[in-house]
Amino acid sequence: MAAIECVELTKMYEQRTALRDLSLTIERGQSFGLLGENGAGKSTFVRLLMGFIFPTSGQLQVLGKTKVAQAHTAIGYVHERTLFEPRISGRRYLVHLGRLAGVQGSVGLKHIDALLERVHLQDVAQRPVGSYSKGMQQRLAIAQALLTDPELLILDEPTSGLDPRSQWEIRQLIQGLRQEGKTILLCSHYLTEVEALCDTIGILRRGHMILSGAVSDLVSSKNVVEITIAEQLDARETLVRLEVPMQAILDTHGNTCKVRGESQAEILEKLVLAHVPLLSLQPLNQSLEEVYVQATEQADAAAIAQPAPVASGGK
Ligand SMILES: Nc1ncnc2c1ncn2[C@@H]1O[C@H](COP(=O)(O)OP(=O)(O)OP(=O)(O)O)[C@@H](O)[C@H]1O
């Protein structure tokens, strides 16, 4: 059973379509990054998963439950703007919420102290939350999400607006949770963060999923190989001399050249037969940022070619 499964999920707010025909499976133990511009529908999807709002049409299952609220005890949720009571201490905050979630008694308190340590707040645990930095508050929000040791974590922009050090601390925490095998849904605008923390991604654009797949497949889909030959040789001259078809060569620089993946075997054969010394051969990846920009440009071009009949839009 998948952690999250939806089929043709649609959500309309009156006349506005926030999410349209979304079909998606997030397997257990997978870390999934949900990307998309402002107003793309990410928070709407999260609200549907949490059962705060209901689909207009389509099916949704969270941890096997179609009534998603029934899965709540196994979900940890970090809202994009967590609000705290500023006068109580971090520890008391967790103790109160722990009681609501059935985490209590000496075992519960031990668990809370371990969580405070895990998010590196043990030294400030008795201080009022109002005196915490934004990064510390965000770590407290993550501790709160972990109170019930949930199987699924939904993290809505957990590093948004934090300084680089605080972002790094949160990412370290998420990486640890991922390694423990938690299922993670991470909404984020930070593409390098998603590339580092997620196994699979989906890009939403005006309520549509325009691209999804494994990060490793998407970044390696460029199909370009960089070949480096002996230092004293000029790559372009060598390739011309060996009569390599020019359309196979994307770029040359000194003793390196970038060639199309499909021409790699033919070029290597020519180089080897001509006894050209090879120093390295490396497939070139593109960044997730490049994948994102390309996908959104293609979606825009398709939208211009075929305008959508129903209004949907940004904030
Ligand atoms: N309660 C609401 N009533 C009407 N329209 C809404 C409501 N909530 C969201 N929308 C609209 O639905 C669309 C999707 O919004 P949503 O908040 O899901 O986007 P998002 O991808 O989370 O954006 P952001 O990155 O800014 O958080 C937007 O056009 C938004 O204006």
Side-chain angles (χ1 to χ4, degrees), residues 4-26 31-60 62 68 75 77-83 134 138 141 145 152-162 167 170 174 184-195 197-198 200-213 215 218 287-315:
I4 294 170
E5 189 149 31
C6 59
V7 182
E8 293 178 9
L9 190 68
T10 293
K11 176 64 190 176
M12 296 185 71
Y13 297 109
E14 296 171 1
Q15 291 310 304
R16 172 164 290 178
T17 309
L19 210 58
R20 185 194 296 272
D21 290 335
L22 178 68
S23 293
L24 175 71
T25 301
I26 302 176
S31 171
F32 181 87
L34 188 58
L35 302 169
E37 64 198 354
N38 294 128
K42 304 178 299 294
S43 299
T44 296
F45 183 53
V46 167
R47 281 180 226 136
L48 287 165
L49 294 177
M50 293 301 296
F52 300 154
I53 55 174
F54 298 98
T56 307
S57 62
Q59 286 118 48
L60 174 63
V62 180
V68 293
I75 301 177
Y77 173 51
V78 175
H79 189 271
E80 60 184 313
R81 285 181 292 272
T82 308
L83 287 176
K134 218 174 158 193
Q138 200 60 334
L152 168 65
L153 280 161
I154 297 179
L155 310 174
D156 201 354
E157 300 189 31
T159 58
S160 172
L162 300 186
Q167 288 189 20
I170 300 284
I174 298 173
I184 297 173
L185 172 70
L186 172 67
C187 296
S188 175
H189 289 295
Y190 300 127
L191 297 165
T192 47
E193 168 174 296
V194 171
E195 191 170 346
L197 295 175
C198 298
T200 50
I201 61 137
I203 302 175
L204 278 176
R205 180 103 164 138
R206 299 188 186 125
H208 288 275
M209 186 68 89
I210 56 167
L211 184 72
S212 63
V215 173
L218 294 171
S287 66
L288 192 56
E289 190 170 64
E290 287 171 301
V291 172
Y292 182 92
V293 170
Q294 216 174 61
T296 50
E297 277 174 2
Q298 279 169 5
D300 282 350
I304 290 167
Q306 197 180 14
V310 185
S312 68
K315 282 176 182 173

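Side chains included, hydrogens not; waters and symmetry mates left out as well; all remaining heavy atoms used. The first residue of the sequence shown is numbered 1, and numbering continues consecutively from there.
Closest heavy-atom contact between L204 and K42: CD1-N, 3.8 Å. Among all heavy-atom pairs drawn from L197 and S31, the shortest one is O-OG, 2.7 Å. The nearest pair of heavy atoms linking E193 to T159 is OE1-OG1, 2.6 Å. Counting all heavy atoms, side chain and backbone alike, Y292 lies closest to E37 at OH-N, 3.3 Å. Between L9 and Q59, the closest heavy-atom pair is CD1-O, 4.0 Å. For the pair F45 and I4, the tightest heavy-atom approach, listed with the atom from each and the gap, is CZ-CG2, 4.2 Å.
With contacts defined as side-chain heavy-atom distances shorter than 4.5 Å, the pair T200/I26 does not qualify. Side-chain atoms of T25 and E5, non-hydrogen and from C-beta on, do get closer than 4.5 Å to each other. Using a 4.5 Å heavy-atom threshold, the side chains of R206 and D300 count as touching. Side-chain contact check for E80 versus S160: every heavy-atom pair is 4.5 Å or farther apart. Between K11 and L22 there is no side-chain heavy-atom pair separated by less than 4.5 Å. Contact of the S57 side chain with the E8 side chain is not registered, since no non-hydrogen atoms from C-beta on lie closer than 4.5 Å. In this structure, the side chains of N38 and H189 come closer than 4.5 Å at one or more pairs of heavy atoms. The closest side-chain heavy-atom distance from Q298 to I210 is not below 4.5 Å.
With rounding to the nearest 0.5 angstrom, the OG atom of S43 is 11.0 Å from the CG atom of L49. With rounding to the nearest 0.5 angstrom, the SG atom of C187 is 5.0 Å from the CG atom of L185. How far CD1 of I174 is from CD1 of I184: 6.5 Å, rounded to the nearest 0.5 Å. Distance check: L155 CG to Y77 OH gives 10.5 Å after rounding to the nearest 0.5 Å. A distance of 10.0 Å separates NE2 of H79 from CD of E157, quoted to the nearest 0.5 Å. Distance check: I201 CD1 to L288 CG gives 5.0 Å after rounding to the nearest 0.5 Å.
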Side chain to side chain contact (heavy atoms under 4.5 Å, CB included) between L211 and Q294: does it pass, once the steps are laid out? CA-CA 10 Å; L211 184 72; Q294 216 174 61; over 6 Å; no
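With S188 as reference, L186 is the one residue of T192, L191, L186 to meet the side-chain contact (heavy atoms from CB on, under 4.5 Å) rule.
Counted within 6.0 Å of CD on E290, heavy atoms from surrounding residues, nucleotides or ligands total more than 12; the atom is thus considered enclosed.
No donor-acceptor pair closer than 3.5 Å links the side chain of T44 to the backbone N or O of L19.
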